[in-house]
Amino acid sequence: MEQPTTPAPTDFIRDIIDEHLRTGKHAGRVATRFPPEPNGYIHIGHAKSVCLNFGLARQYNGTCNLRLDDTDPAGESMEYVESIIRDVRWLGFDWGDRLFYASDYFEKLYGFAVELIKRGEAYVCDLNADEVREHRGSFTEPGTESPYRNRSVEENLDLFARMRQGEFADGSHTLRAKIDMAAPNIVMRDPVLYRIKREPHYRTGDQWIIYPMYDFAHCLSDALENITHSICTLEFENNRPLYDWIVERLISGNRPQQIEFARLSVSYTVLSKRRLIELVQKNYVRGWDDPRMPTVSGMRRRGYTAEAIRKFCAEIGVAKNDNLIDVALLEYCVREDLNERAPRAMCILNPLKVVIDNYPENSTEQFECANHPQKPEMGTRQAPFSRVLYIERDDFLEDPPKKYNRLAPGREVRLRNSFIIKFESLVKNEKGEVVEIHCSYDPATRNAPPADGRKVQGVIHWVSAEHAVSAEVRLYDRLFTIPDPSAESEFLQYLNPDSLKVLTGCFVESSLKDAKPGAQYQFERLGYFCADEKDCQPGKPVFNRVVALRDSWAKMADKK
RNA sequence: UGGGGCGUCGUCAAGCGGUAAGACACAGGAUUUUGGUUCCUGCAUUCGGAGGUUCGAAUCCUCCCGCCCCAGCCA
C-alpha cells in the first residue's frame, strides 16, 4: 500500500525519540502501535493518533502495529474491527502483517497474572464493586486494605484458577494488584487486574469468563509486541505509574514507555465514542458512516479525501495543551485538497428558466469547458447549449442591491464558458413570483471578450434545460451547533435539525449523469460536492455537499 | 480537597537565557469567464499574574491565579 507523504513536524514526542536514538535506548528501534477498542467506528480524533503513530514509524524507519484492544467483550464486534481496518487503510497506512488482537494474548496475560500472584504482588479479592469503591477512599482520604489482601500465594493461585473455571459469580471476585491503598494516586490503590464477566467475546466466544483490565492488558500487550513508544492520550497520565509498575515486574530487558498527548477536540462537534454510539443507536443519524458524522467513514462518504485528513492532522500539531480546533481549519484542509483535484462542473440547485429569445429554436451547440481553470491537463468536457436554460434562482434579482454582481433588469452577465446574455423581460405568476426571464445573447461573445471592451456584471453558471440531468443534492450543515465546549455535555439539545437538507428538482450538466460514486466535483460557485457513495445511481445522481465555497456574497450582504 | 497535567495572537502552535516562527481565522488591495483559485499587505513591544536572579527572561527561581484529568469489576 502506498505510504503517504505527510510533513514531519517537530513535537515533544519526536524530541523524546531523538533523545532515545542519541542515548541508544531501544537500540535505535522505533515501534509504535495504534490500539483502538473495537466498540465503534474511528473518528477524526482517532485519525490524529493514526497519523501520529504511523507517521512516527515511517519517519524513524520503524514499525507501527494495528492492535485491537478488545479486553472487554461488552460492545465489541467484528463489524467494528472490519470498519477500523478499512478506515485505517483508507487513511493511507499499512501495518504489514502486524495486525494484533489483545484477545490473542489472553492466555499469556493469564500467565503473567499467575506470575504476579506467585511474587506475592496480586491477590484475589472477594469484595464486590461497591465494597471495592468504599475501600478505595477518596481524593483526600487514604483507602483501607481489603480483608482479603493478605491471603497466601497458594490460596490466591487456587482462587484465581477457580475464577477462570467459572466457580464464582460475575462481580463476586477480582484479581487485584497489591500496591498501596494509601497511595496519593488513586490508580495505585490496589487496582483491579481481572474481573469475572460472563459475556460472550466476539472472538473468543465463551472460552473465557475472566477478562483482564486495560491497565493490565495494555502495557503487557505493548511489551509482547516489543513496542518502544506507547503513545496515548492525556487522561492516561494517571495510569502511567501502574503501567510501569506492571511492566517492571513482569518484563525484563527493554520496556515500552508510555507517552501522552492531548486528544483532539473540534469546535461545534462531539467526538466522544459514547455519544457517537448514542447518535447511531437512537437513529439520530443514518449510521456510523452518515456524512454528518465526524467518523472517518462519514467524512469519506461526504467526500473528504484521506490526504485532506492527513494534512489536517499534520496541521494541528501534537502537544499537551487542551485544545479546541476550529472546524474552519478542517474545512480549509479539505478545500485546499479538493481545489487541486476536483473537476469543475455546473449545477443548478434551484432552477430559474431563462429563454434566449434571439437564439434559434431546436438548435443546440456544444461548448468545450475546461475541467479545471488552472489545470489544462485535466481536460475538457462538452456542455450543450440551447434556447432554454436554467440558471440559479439566486443569480437573478429584480431589484438588486449595489454590489450585486449577477443578472438583473437592464444588465448583462457572462454565462460561464459561453455567451454574454442581456436581460430583456420577465414573466411572473399570479403570486408575483418570477417564473421565467427572457434574455438576448451576443453571438460575438462566444467564449470571447466583447469586441467593444465593455465589462459585464459577473459570471453565472447555467445548464441547458433540454439536456440537463435531474439530480438530488444533499446539503449537509453541521450536525451540532454546540456553542462552546462546556455545553458539550448537553450535546443532544444542540443537534441541528437542518443539518441535512435534501434538494430535489436540481439539475446538473449531462456530463454528470454517470458520476462515479465517491467522485468529488466543484460545482462552480456552489461549493464542493461528492457523488454519494451509497445513494448515487447512474442517470439520477445524488450529490453530497462536501464544503461550501466561501460565500462572499452572503458576507457582503451581512455587512450592509 | 490529595495526586497528576497544562497555561505563548480569536483558534492551533514553534520557541528550551540573546531580544515572539508558521498555519487557520480576520481585515485591506491586485489579478481572474467560478464573489473560487492565486498573489501581495496588515494582524502578540509581548508570552496567566506578581516578585526575584541576570548585561539580557516566554525560557531559570519563588509565590499566586486559572483550566483539564483521576474515586468503572470502561478504555
Side-chain angles (χ1 to χ4, degrees), chain A residues 9-11 15 35-37 39 69-72 74-75 125 127-130 132-134 136-143 170-176 183-189 191-197 210-211 213-215 217-218 232-241 260 262 264 267 273-274 314-333 335-336 339-340 344 346 369-370 372-374 403-406 413-418 420 445 447-449 456 458-461 522-528 549-556:
Chain A
T10 58
D11 55 55
D15 289 346
E37 184 188 10
N39 64 347
D69 209 357
D70 52 359
T71 56
D72 180 359
C125 181
L127 260 24
N128 65 32
D130 288 340
V132 167
R133 189 181 323 111
E134 282 158 22
R136 193 149 31 220
S138 70
F139 290 150
T140 47
E141 307 147 32
D170 286 13
S172 64
H173 297 254
T174 54
L175 181 74
R176 297 226 260 160
N185 180 353
I186 291 178
V187 170
M188 299 300 271
R189 318 241 260 231
V192 171
L193 266 21
Y194 268 87
R195 74 284 215 180
I196 304 171
K197 204 167 195 170
I210 58 172
Y211 292 96
M213 298 291 290
Y214 164 85
D215 284 308
H218 199 94
C232 63
T233 43
L234 245 28
E235 66 270 25
F236 291 103
E237 260 175 332
N238 296 319
N239 303 51
R240 190 175 49 212
E260 310 85 9
L264 169 70
S267 62
K273 189 86 84 64
R274 207 213 107 231
E315 211 58 46
I316 57 180
V318 177
K320 300 187 76 160
N321 303 339
D322 291 324
N323 60 77
L324 181 67
I325 307 290
D326 192 334
V327 71
L329 178 60
L330 208 211
E331 294 180 341
Y332 159 78
C333 292
R335 262 188 277 118
E336 186 187 59
N339 178 49
E340 291 293 311
R344 312 290 116 129
M346 293 192 283
C369 307
H372 189 115
Q374 282 83 33
K403 300 208 170 172
Y404 182 78
N405 278 341
R406 306 180 222 174
V413 291
R414 158 77 61 183
L415 290 181
R416 175 118 235 244
N417 296 311
S418 64
I420 286 176
T445 58
N447 267 333
V456 295
V459 180
I460 65 173
H461 59 182
Q522 188 194 98
F523 289 163
E524 308 212 40
R525 289 211 24 255
L526 294 175
Y528 292 98
L549 255 19
R550 297 157 72 106
D551 197 341
S552 312
W553 167 243
K555 267 165 49 185
M556 278 185 190

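We name chains A, B, ... by the order of the sequence lines, and we start the count at 1 in each one.
- For Q374(A) and U37(B), the CD to P distance is 10 Å, given to the nearest whole Å.
- Here the separation of A58(B) from U53(B), taken at their C1' atoms, is 16 Å to the nearest Å.
- Looking only at distances, a side-chain donor or acceptor of R414(A) sits under 3.5 Å from a matching main-chain atom of T445(A).
- Partners of R176(A) under the salt bridge (Lys or Arg N to Asp or Glu O under 4.0 Å) rule, at least two apart in sequence or in another chain, do not exist in this structure.
- Across all non-hydrogen atoms, the minimal contact from K320(A) to L234(A) is O-CD2, 3.3 Å.
- Remark: side-chain polar atoms of T174(A) are not paired, donor with acceptor, to backbone N or O of V192(A) under 3.5 angstrom.
- Across all their heavy atoms, R344(A) and P373(A) have their closest contact at CG-CD, 3.7 Å.
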For nucleotides 72-75 of chain B, print each protein N/O atom paired with a nucleotide N/O atom at under 3.5 Å, atom names and distance only.
| from | atom 1 | to | atom 2 | distance (Å) |
| --- | --- | --- | --- | --- |
| G72(B) | OP2 | R133(A) | NE | 3.2 |
| G72(B) | OP2 | R136(A) | NH2 | 3.3 |
| C73(B) | OP1 | R136(A) | NH2 | 3.2 |
| C73(B) | OP2 | R136(A) | NH1 | 3.1 |
| C73(B) | N3 | G171(A) | O | 3.0 |
| C73(B) | N4 | L127(A) | O | 2.7 |
| C73(B) | N4 | A129(A) | N | 2.9 |
| C73(B) | N4 | G171(A) | O | 2.6 |
| C74(B) | OP2 | R195(A) | NE | 3.1 |
| C74(B) | OP2 | R195(A) | NH2 | 3.0 |
| C74(B) | OP2 | K197(A) | NZ | 3.2 |
| C74(B) | O3' | R195(A) | NH2 | 3.1 |
| C74(B) | O2' | D72(A) | OD2 | 3.2 |
| A75(B) | OP1 | T71(A) | OG1 | 2.7 |
| A75(B) | OP1 | R195(A) | NH1 | 3.4 |
| A75(B) | OP1 | R195(A) | NH2 | 2.9 |
| A75(B) | OP2 | Y214(A) | N | 2.9 |
| A75(B) | O3' | D69(A) | OD2 | 3.0 |

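- Considering only residues two or more places apart in sequence or on other chains, H461(A) meets the ring-ring contact (aromatic ring centres under 6.0 Å, His included) condition with none of them.
- Residues meeting the ring-ring contact (aromatic ring centres under 6.0 Å, His included) test with Y332(A), sequence neighbours left out: none.
- Using P as the reference atom, U41(B) and A23(B) are 11 Å apart when rounded to the nearest Å.
- Distance check on atom P: U46(B) versus A57(B) gives 14 Å, rounded to whole Å.
- Atom P of U11(B) sits at a distance of 33 Å from the matching atom of G35(B), rounded to the whole Å.
- Judged by distance alone, with hydrogens and angles left aside, the side-chain atoms of D11(A) form no donor-acceptor pair with the main-chain N or O of G317(A) at under 3.5 Å.
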How does protein reach along nucleotides 7-12 of chain B, written 5' to 3' as B (base within reach of a heavy atom under 4.0 Å), S (only sugar-phosphate), or - (no contact)? S---SS
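- Under the ring-ring contact (aromatic ring centres under 6.0 Å, His included) criterion, Y528(A) pairs with no residue at all, not counting sequence neighbours.
- Between R335(A) and A25(B) there is a side-chain N or O to OP1 or OP2 distance below 4.0 Å.
- G7(B) and U59(B) have their P atoms separated by 12 Å, given to the nearest Å.
- G4(B) shows a glycosidic angle more than 90° from 0 and is accordingly assigned anti.
- Closest to the side chain of N185(A), out of C16(B), U34(B), G3(B), is G3(B).
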